[in-house]
Amino acid sequence: MKNLVLYNTRERKKIPFIALDPEQKLVKMYTCGPTVYNYAHIGNLRTYIFEDILKRTLLFYGFQVKHVMNITDVGHLTDDADRGEDKMEKGAFREGKSVWDIAQRYTDAFKQNLKDLNILDPNIWCKATDHIAQQIDLIQKLEAKGLTYRLEDGIYYNTAQFPEYKNFARLDIENIKAGARVEVVEGKKNPTDFALWKFSPKDGPKRQMEWESPWGIGFPGWHIECSAMSMHYLGEQFDIHCGGIDHIPVHHTNEIAQVEAVTNKLWVNFWLHGEFLVVQASSDKEGDTKRMGKSEGNFLTLEVLKSKNYHPLAYRYLLLNAHYRSQLIYTEDAMQSAQRGFVNFKEKIIQLKESIGKEKNLKAGIHEDYVSQFFQAIGDDLNTPQALAVAWKILGDSSLSPLEKLQTLEKLDEVLGLGVAQMKAETQEIPAEISQILEERIHARKEKDWKKSDLLRDKIKAMGYEVLDGKDGMKVKKIQ
RNA sequence: GGUGGCAUAGCCAAGAGGCCCAAGGCGACGGUUUGCAAAACCGUUAGUUCCUCGGUUCAAAUCCGAGUGCCACCUCCA
């Protein structure tokens with residue numbers, strides 16, 4: 001089988017993937033999950049789809065995957081300088097609900113998104129609030145090593161004590177000092193130091209989420225949960241850790257500092273990061289794009305896409321058409337062309353299924369040559385655009401029987417996740433009025449009254465249905 | 001200011017030294033079909049060409065240098 005090569009952020013190059021497990025069977029993978037204080041936007045979802053492709057590829061290669069994803073339901077502050085408001089508490093205030101309700105609501109919404117996008121569920125979901133003990137335990141270990149110090153508002157990690165701190169993100173520590181764009185918390189010893197445990201504020205409203213700790217009542221800092229939970233479920237060393245590209249310089253850097261300073265060994269073998277979805281900032285200026293974000297005012301959710309009649313899997317299809325390490329410019333045009341592409345793909349699959357139903361004794365079997373082409377594409381750092389191209393080539397290859405095509409495509413769909421096996425002609429209710437007009441039209445056509453026939457066709461179209469005249473009569477289809 | 005990245009057809013987007021006079025999708029155009037359409041099917045669609053200029057090489061979209069434009073991260077956000 002073709003080697004699986006993945007781009008490892010740790011080394012900044014493509015490296016053949018080898019599982020840590022000596023048996024080469026089990027791959028342990030941790031993916032940073034959402035903070036559930038609002039809906040995920042489609043840019044967030046891009047990362048989860050990339051991770052899903054990665055996981056499905058590993059499965060395709062015959063690995064078993066133990067996949068852990070966290071739900072951050074506590075305690076992130078609104079800026080990186082360990083100041084500002086708590087997003088969860090803020091969201092709760094905004095909606096007049098408890099933080100726990102907010103967390104539940106957006107967790108449910110997130111899981112629905114994953115379902116809509118055919119993203120495989122992780123083996124383990126873990127909530128930050130269910131693992132406070134593990135987080136406190138890890139902070140204590142850091143404390144025992146002399147890596148922490150106390151400030152008025154919390155316990156901080158002294159990054160100067162961990163010389164490898166800058167390595168992962170290739171940070172220029174000197175210039176971070178000079179840059180100082182972040183307002184520094186009073187008393188922090190180094191600009192890169194970060195909070196491990198925050199104390200509940202003495203004044204102001206009581207926090208809804210707070211816990212006892214050896215240092216006082218408060219809540220965990222926002223990097224500690226991933227370190228603590230991933231170790232809890234996957235051990236001190238595991239194979240893969242993923243997230244968005246923005247996690248490299250702060251979040252993942254801090255996670256590494258928290259773990260490797262304690263264990264003194266390499267924590268994660270492969271780090272993979274997904275690039276951003278960016279959106280056109282203004283229609284008249286070419287190349288003027290912005291990341292999608294809550295504060296950019298370009299917040300698009302999957303629900304919005306659905307309300308515009310886009311199929312969630314058409315969004316998946318759009319993403320498959322670009323490599324996960326390139327920025328993808330999201331435009332309405334691109335989304336529409338993805339929708340058409342996906343619908344066309346689906347129609348062709350349905351056609352295949354129909355002809356299989358009609359014809360007997362078709363040649364069966366998975367076409368290994370195409371599968372190997374597919375492996376070559378997907379095994380080269382998840383080249384989904386090329387992998388999709390292979391799928392289209394199969395559809396256009398007249399030397400294959402419909403059954404061979406379908407069986408081969410179903411195999412490839414284990415990775416693509418477009419739902420080939422489930423695709424079927426929508427059995428749609430035709431409204432009675434339309435059936436009536438249809439009857440009229442059949443009559444008109446028998447009498448070769450083309451004028452009337454065309455008129456009725458237009459009428460049906462105006463009602464949102466398309467008339468398809470075929471050899472075996474008339475069909476109508478809802479216009480998508 | 002620091003760091004990382006991108007520039008390929010009308011649009012989206014692969015390709016990372018010879019398989020490239022450059023994949024695939026969308027669109028457009030032509031044809032078959034049709035009473036006419038639609039749908040379907042077939043075909044065409046980068047015309048020394050891969051932002052510009054220079055270099056390396058027998059050979060460059062692919063490597064190197066310079067320039068131009070753009071994006072992201074370093075600030076809550078994948």
Side-chain angles (χ1 to χ4, degrees), chain A residues 12 31-35 37-38 40-51 76-81 83-87 90 169-183 191-192 222 242-251 273-278 285-296 299 317-318 320-323 325-331 333-342 344-345 347-348 351 377 380 383-393 396 398 445 448-451 453-454 457-458 461 466-471 475 477:
Chain A
R12 309 287 152 107
T31 56
C32 286
T35 302
Y37 68 105
N38 202 337
H41 59 64
I42 59 172
N44 300 134
L45 295 173
R46 182 181 188 196
T47 300
Y48 302 111
I49 289 178
F50 136 63
E51 290 161 352
H76 280 203
L77 301 178
T78 50
D79 73 31
D80 197 24
R83 298 150 61 94
E85 296 166 286
D86 183 304
K87 288 190 291 194
K90 200 177 162 188
R170 313 204 166 173
L171 298 174
D172 182 346
I173 300 287
E174 298 303 310
N175 275 301
I176 286 177
K177 277 177 194 160
R181 282 179 63 177
V182 184
E183 240 186 288
T192 48
W222 27 290
C242 319
I245 195 169
D246 59 325
H247 279 163
I248 298 169
V250 180
H251 185 55
H273 294 92
E275 252 292 359
F276 276 145
L277 180 83
V278 295
K285 212 176 143 203
E286 211 171 304
D288 186 11
T289 55
K290 281 255 164 15
R291 76 182 282 182
M292 177 165 288
K294 279 141 202 164
S295 48
E296 321 300 329
F299 192 83
Y317 182 92
L318 172 75
L320 255 32
N321 242 316
H323 189 92
R325 281 194 294 117
S326 328
Q327 284 180 1
L328 174 65
I329 302 168
Y330 180 87
T331 60
D333 264 7
M335 188 59 228
Q336 264 167 30
S337 101
Q339 169 88 353
R340 285 198 198 102
F342 174 71
N344 287 163
F345 183 80
E347 301 268 299
K348 292 200 184 224
Q351 272 179 37
D380 180 14
N383 194 329
T384 51
Q386 245 175 28
L388 249 194
V390 174
W392 280 101
K393 267 188 203 148
S398 53
R445 288 174 64 76
K448 296 198 191 290
D449 186 351
W450 308 127
K451 234 180 205 167
S453 165
D454 291 353
R457 183 168 63 200
D458 289 344
K461 194 175 178 186
E466 194 175 17
V467 180
L468 307 168
D469 289 325
K471 275 179 186 152
K475 274 196 247 177
K477 203 180 98 185

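Chain letters run A, B, ... following the sequence lines, proteins first and then strands; every chain starts at 1.
Counting any heavy atom pair closer than 4.0 Å across all strands shown, A/G274 reaches no nucleic acid atom. Here A/R457 lies in heavy-atom contact (under 4.0 Å) with a base. Residue A/L277 is in base contact, counting any heavy-atom pair closer than 4.0 Å across all strands shown. When heavy atoms are screened at a 4.0 angstrom cut-off, A/T384 is found touching no nucleic acid atom at all. A/H273 comes within 4.0 angstrom of no nucleic acid atom, judged by non-hydrogen atoms across all strands. Contacts of A/K451 with the nucleic acid, taken as non-hydrogen atoms under 4.0 Å apart, are absent. Using a 4.0 Å heavy-atom criterion, one finds that A/N383 contacts the sugar-phosphate atoms exclusively.
Between the side chain of A/N383 and the backbone N or O of A/Q386, at least one donor-acceptor pair lies under 3.5 Å. The closest donor-acceptor contact from the side chain of A/T384 to the backbone of A/A387 lies at 3.5 Å or more, if one exists at all.
The listed nucleotides are B/A39, B/G35, B/A14; the one nearest the side chain of A/D454 is B/G35. Distances were taken from every side-chain heavy atom of A/F276 (C-beta onward) to each of B/C73, B/G35, B/C71; the shortest belongs to B/C73. In the set B/C73, B/G35, B/A13, B/A13 carries the atom at the smallest distance from any side-chain atom of A/L328. Proximity note for A/E466 (side chain, C-beta onward) versus B/A38, B/G35, B/C73: the nearest is B/A38.
Going from atom NE2 of A/H323 over to atom P of B/A7 covers 13 Å, rounded to whole Å. In this structure, A/E275 atom CD and B/G5 atom P are separated by 10 Å, rounded to whole Å. Atom CG of A/D458 and atom P of B/C36 are 17 Å apart (whole Å). Rounded to a whole Å, the CG atom of A/L171 is 15 Å from the P atom of B/G2. Rounding to whole angstrom units, CG of residue A/D246 and P of B/G5 are separated by 17 Å. Distance A/I329 CD1 to B/G5 P: 18 Å, rounded to the nearest Å. Between the CD1 atom of A/I248 and the C1' atom of B/U75 there is a distance of 17 Å, rounded to whole Å. Rounding to whole angstrom units, CZ of residue A/R445 and P of B/U34 are separated by 12 Å.
Where RNA chain B pairs in unbroken runs of 3 or more (Watson-Crick or G-U, both distances under 3.5 Å), the stems are B:1-7 with B:68-74, B:10-12 with B:24-26, B:27-32 with B:40-45, B:51-55 with B:63-67.
Across all their heavy atoms, A/C242 and A/F50 have their closest contact at CB-CE2, 4.4 Å. Nearest approach of A/G33 to A/Y48, heavy atoms of both residues: C-OH, 3.3 Å. Residues A/I329 and A/A334 approach most closely at O-CB, 4.4 Å, considering heavy atoms. For A/R46 against A/L328, the heavy-atom pair with the smallest separation is NH1-N, 3.4 Å. Of all the heavy atoms in A/P249 and A/A169, the pair that sits closest is CA-CB, 3.6 Å.
Position along RNA chain B of the nearest nucleotide to A/Q386 versus A/L45 favours A/Q386 as the more 5'-ward residue. Judged by closest nucleotide on RNA chain B, A/A169 is the one of A/S398 and A/A169 placed further toward the 5' end.
Close to B/A14, at under 4.0 Å from its OP1 or OP2, lies a side-chain N or O of A/S326.
Rounded to the nearest Å, the gap between the C1' atom of B/U68 and that of B/C51 is 8 Å. With both ends at atom P, the span from B/C53 to B/C71 equals 24 Å, rounded to whole Å. When the C1' atom is used for both B/A59 and B/A14, the distance is 23 Å, rounded to whole Å. Only the C1' atoms considered, B/C70 is 27 Å distant from B/G17, to the nearest whole Å. Distance check on atom C1': B/C20 versus B/A60 gives 11 Å, rounded to whole Å. To the nearest whole angstrom, the two C1' atoms, one in B/U57 and one in B/C63, are 9 Å apart. Spacing of C1' atoms, B/C21 relative to B/A46, comes out at 10 Å, to the nearest Å. Only the C1' atoms considered, B/G15 is 36 Å distant from B/G1, to the nearest whole Å.
Salt-bridge annotation for A/R457 and A/D454: present, with a side-chain N of the basic residue lying under 4.0 Å from a carboxylate O of the acidic one.
A/R325 contributes no side-chain N or O that forms a donor-acceptor pair with the base of B/G5 under 3.5 Å.
To the nearest 0.5 Å, the span separating NE2 on A/H251 from SG on A/C32 amounts to 3.5 Å. To the nearest 0.5 Å, the span separating CD1 on A/I248 from NE2 on A/H273 amounts to 4.5 Å.
Under the ring pair (Phe, Tyr, Trp, His ring centres under 6.0 Å) criterion, A/W450 pairs with no residue, sequence neighbours left out.
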Produce a footprint string for nucleotides 24-29 of chain B: one letter per nucleotide, 5' end first; B if the base is under 4.0 Å from any protein heavy atom, S if only the sugar-phosphate is, - if neither. BBSS--

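Note: A/F299 and A/H41 have perpendicular aromatic rings, judged against thresholds of 30 and 60 degrees for the angle between ring planes.
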